[in-house]
Amino acid sequence: MPNTMPGHQDRTILDIAEQAMKDADYNTLSQCMDGLRQNLRANPYLLEPLIALADHVSKQQEFIPHALAAYRDAARYAASGSDLEQQAVAGFVRHADAIPDVVECINAYINAARYAASGSDLEQQAVAGILRHADAIPNVEERINAYSNAARYAASGSDLEQQAVAGILRHADDISDTSLRLGAYRCAAAFAAPCSDLEQQAVVGFVRNADDIPDTSRRLEAYRYAASYAASGSDLEQQAVAGFVRHADAITNVEERIHAYRYAVYEAGRDSALWQTATAGMERRATAATTKSGPTMPTRKNVRRFMNKVCRL
């Protein structure tokens with residue numbers, strides 16, 4: 001590895017850094033950190049001095065971005081779960097709020113959450129940092145991504161997790177792309193507390209937007225997803241099933257169409273108008289399939305039943 005810096009061929013990077021610390025020469029310290037960062041992959045023993053230098057230069061506001069770059073690389077190359085990794089994460093959490101650009105600030109917290117020990121206080125501090133700044137992100141898709149990361153790293157069932165879900169739902173309808181908008185609602189439903197108002201709000205988003213999906217199979221999958229998260233027996237669940245029934249005939253494959261109606265029959269309220277419609281659709285398509293393609297191939301169970309009967313003849 002290049003252990004020296006230009007103009008200092010007889011001294012190591014750490015020799016130069018030591019003198020720069022005595023001289024409060026932060027520009028030189030930043031250059032030393034860059035040299036260490038470039039060689040971390042092959043020389044992990046440089047992690048400890050890199051973090052020490054980052055801690056030192058972070059005392060000066062203008063050099064915090066350099067420190068955060070060092071913390072990021074240190075967290076990346078440190079052994080997973082090691083003390084050095086967590087020291088790097090602590091550096092992220094300690095200084096991210098000082099970054100003036102909100103997107104860079106959020107990215108620092110996301111990196112901290114990514115490398116923090118799962119379930120640790122550091123991880124949750126990083127999540128809190130994401131939530132504190134997410135609404136200030138100008139681009140709605142980046143804003144949703146920040147809330148999604150917060151939900152992902154927040155402790156399951158925690159207030160932080162539900163705050164992240166609420167953030168997703170607050171901005172999801174502002175996304176212009178249908179696929180991305182439904183992806184936001186899917187994320188919200190996945191992380192919302194089961195049977196909560198937030199979960200049902202996510203389902204409403206699915207039901208409200210599913211008809212805008214041009215592809216039939218993906219449209220039906222959206223309605224199926226909505227039905228699976230809707231409160232059992234609720235009007236919302238039946239609206240999702242109704243969407244499923246409404247588009248089932250658009251499925252070109254006959255067997256898949258029958259399967260779609262069978263799913264609707266299972267999910268619809270017994271003997272309801274929706275149940276009757278789904279049952280009729282399944283029977284209608286089953287008749288058409290038999291007429292069109294002839295008898296289906298027997299299963300092993302069919303064969304055993306047939307042989308048992310034949311043996312009695």
Side-chain angles (χ1 to χ4, degrees), residues 30 33 37 50-51 54-55 57-78 80 85-177 179-192 198 202 205:
S30 294
M33 286 164 55
R37 287 171 54 209
L50 177 63
I51 293 172
D55 287 343
V57 302
S58 66
K59 297 173 184 177
Q60 296 294 316
Q61 176 78 24
E62 64 184 293
F63 289 96
I64 286 178
H66 296 274
L68 287 169
Y71 290 134
R72 182 193 62 229
D73 287 352
R76 178 183 178 188
Y77 290 113
S80 180
E85 181 188 53
Q86 299 311 295
Q87 287 176 39
V89 170
F92 267 116
V93 172
R94 193 164 54 245
H95 298 295
D97 272 353
I99 304 174
D101 183 88
V102 66
V103 174
E104 291 181 8
C105 172
I106 290 284
N107 286 336
Y109 278 121
I110 290 174
N111 273 317
R114 179 179 296 124
Y115 291 109
S118 181
S120 66
D121 287 344
L122 278 177
E123 182 185 51
Q124 300 312 293
Q125 289 173 39
V127 170
I130 297 171
L131 294 175
R132 194 162 52 246
H133 297 282
D135 265 357
I137 300 176
N139 181 279
V140 65
E141 292 172 12
E142 292 180 357
R143 201 181 312 144
I144 292 289
N145 183 61
Y147 279 117
S148 298
N149 273 292
R152 175 185 175 189
Y153 291 112
S156 180
S158 66
D159 288 344
L160 288 175
E161 181 186 53
Q162 299 312 292
Q163 288 174 39
V165 171
I168 295 171
L169 293 173
R170 194 163 55 246
H171 300 288
D173 270 348
D174 295 332
I175 302 174
S176 57
D177 182 85
S179 179
L180 293 177
R181 188 163 62 249
L182 284 166
Y185 282 119
R186 184 184 294 269
C187 180
F191 288 108
L198 288 175

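Side chains are part of it too, since the values below use all heavy atoms of this structure and drop only hydrogens, waters and symmetry mates. Not measured: the values here are computed from a predicted model.
- We find the CD1-CD distance between Ile130 and Gln163 to be 12.0 Å, quoted to the nearest 0.5 Å.
- Across every non-hydrogen atom of Ala151 and Ala164, the tightest pair is N-CB, 3.4 Å.
- Looking at heavy atoms from C-beta onward, Arg37 lies in side-chain contact with Arg72 at the 4.5 angstrom threshold.
- Considering CG of Asn149 and CG of Asn145, their distance stands at 5.0 Å, rounded to 0.5 Å.
- Between Ile106 and Ala146, the shortest heavy-atom distance links the atoms CG2-CB, 3.9 Å.
- Looking only at distances, no side-chain donor or acceptor of Gln86 sits under 3.5 Å from a matching main-chain atom of Ala75.
- With sequence neighbours excluded, no residue forms a side-chain contact (heavy atoms from CB on, under 4.5 Å) with Glu62.
- Taken from NE2 in His133 to CG in Asp97, the straight-line distance is 3.5 Å, to the nearest 0.5 Å.
- Between Ala184 and Ile144, the closest heavy-atom pair is CB-CG2, 3.9 Å.
- Annotation for Asp121: atom CG does not count as buried by contact number, only 12 or fewer foreign heavy atoms lying within 6.0 Å.
- Here the CZ atom belonging to Arg170 is positioned 9.5 Å from the CZ atom belonging to Arg143, to the nearest 0.5 angstrom.
- Atom CZ of Arg152 has 12 or fewer heavy atoms from other residues, nucleotides or ligands within 6.0 Å.
- When every heavy atom of Met33 is checked against every heavy atom of Leu50, the shortest pair comes out as O-CD1, 3.8 Å.
- To the nearest 0.5 Å, atom CZ of residue Phe191 and atom CD of residue Glu161 are 7.0 Å apart.
- Taking the six-membered ring where tryptophan is involved, the planes of Phe92 and Tyr71 are tilted, since the angle between them lies from 30° to 60°.
- Residues Tyr185 and Ala172 approach most closely at CZ-CB, 3.7 Å, considering heavy atoms.
- Scanning all heavy atoms of the two residues, the minimum distance from Gly205 to Leu182 falls at O-CD2, 4.3 Å.
- From Ser179, atom OG reaches atom CZ of Arg186 across 9.0 Å, with rounding to the nearest 0.5 Å.
- Side-chain N or O atoms of Arg181 include one that pairs as donor or acceptor with a backbone N or O of Ser176 at under 3.5 Å.
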